[in-house]
Amino acid sequence: MASSASYTVIAHFSDTSGFLNALTPTCTVKLTDGTVVASGAMTLIGDGDYRLVFTGQTNTQYLWQADGGASLPHSIRFMG
């Protein structure tokens with residue numbers, strides 16, 4: 001049986017003006033079958049880096065997508 005562990009997703013947002021530290025990005029973490037296992041607001045670490053911490057199972061593959069918000073152009077809005 002797989003045990004649980006804490007995982008951290010980190011997304012970086014920047015553009016030609018520099019690091020984007022005033023965003024309120026969200027993140028969704030899914031299993032490969034599409035089942036959502038975690039979602040929520042990301043916390044600013046600094047220099048355009050944001051994080052989401054979630055608990056998951058070891059030996060499991062996760063997919064994630066961070067959304068920097070509708071104010072960003074599509075080319076930099078989504079990270080994953």
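Here the structure is a predicted model, which is why all the values come from computation and not from measurement.
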Side-chain heavy atoms of [X] within contact of [Y], under 4.5 Å:
X: Thr32; Y: Gln61; value: yes
X: Leu44; Y: Asn21; value: yes
X: Thr8; Y: Leu52; value: no
X: Tyr62; Y: Gln57; value: yes
X: Leu63; Y: Val29; value: no

TODO: Look at the side chain of Thr60 and the backbone N and O of Thr58, then say whether any donor-acceptor pair between them is shorter than 3.5 Å.
DONE: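 Checked: pair present.
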
Open item on the list: Would Leu20 and Leu72 count as a side-chain contact (heavy atoms from CB on, under 4.5 Å) here? Give the steps.
Closed with: CA-CA 10 Å; Leu20 300 176; Leu72 296 178; 3.8 Å; yes

Open item on the list: Can you tell me how far apart CD1 (Ile76) and OG (Ser14) are? Round to the nearest 0.5 Å.
Closed with: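 The distance works out to 7.0 Å.
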
- [ ] To the nearest 0.5 angstrom, please state how far the CD1 atom of Ile45 sits from the NE2 atom of His12.
- [x]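 It is 11.0 Å, given to the nearest 0.5 Å.
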
TODO: Kindly indicate, with the supporting measurements, whether the criterion side-chain contact (heavy atoms from CB on, under 4.5 Å) is fulfilled by Val9 and Phe54.
DONE: CA-CA 8 Å; Val9 172; Phe54 72 99; 3.9 Å; yes

- [ ] Please report the shortest heavy-atom distance between Pro25 and Gly68, naming the atom on each side.
- [x]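 Between these two residues, the closest heavy atoms are CB-CA, 4.0 Å.
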
TODO: Is it possible for you to say whether Val53 and Met42 belong to one hydrophobic cluster, with membership spreading through side-chain heavy-atom contacts below 4.5 Å?
DONE: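 Each belongs to a different hydrophobic cluster.
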
TODO: Give the ring-plane orientation class for Phe13 versus Tyr50, where under 30° counts as parallel, over 60° as perpendicular and anything between as tilted.
DONE: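 Judged by the thresholds at 30° and 60°, the geometry between Phe13 and Tyr50 is perpendicular.
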
Task: Summary of side chain to side chain donor-acceptor pair (under 3.5 Å) pairs that have at least one residue in residues 71-80, sequence neighbours excluded - done: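 Matches after skipping sequence neighbours: Asp67-Arg77.
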
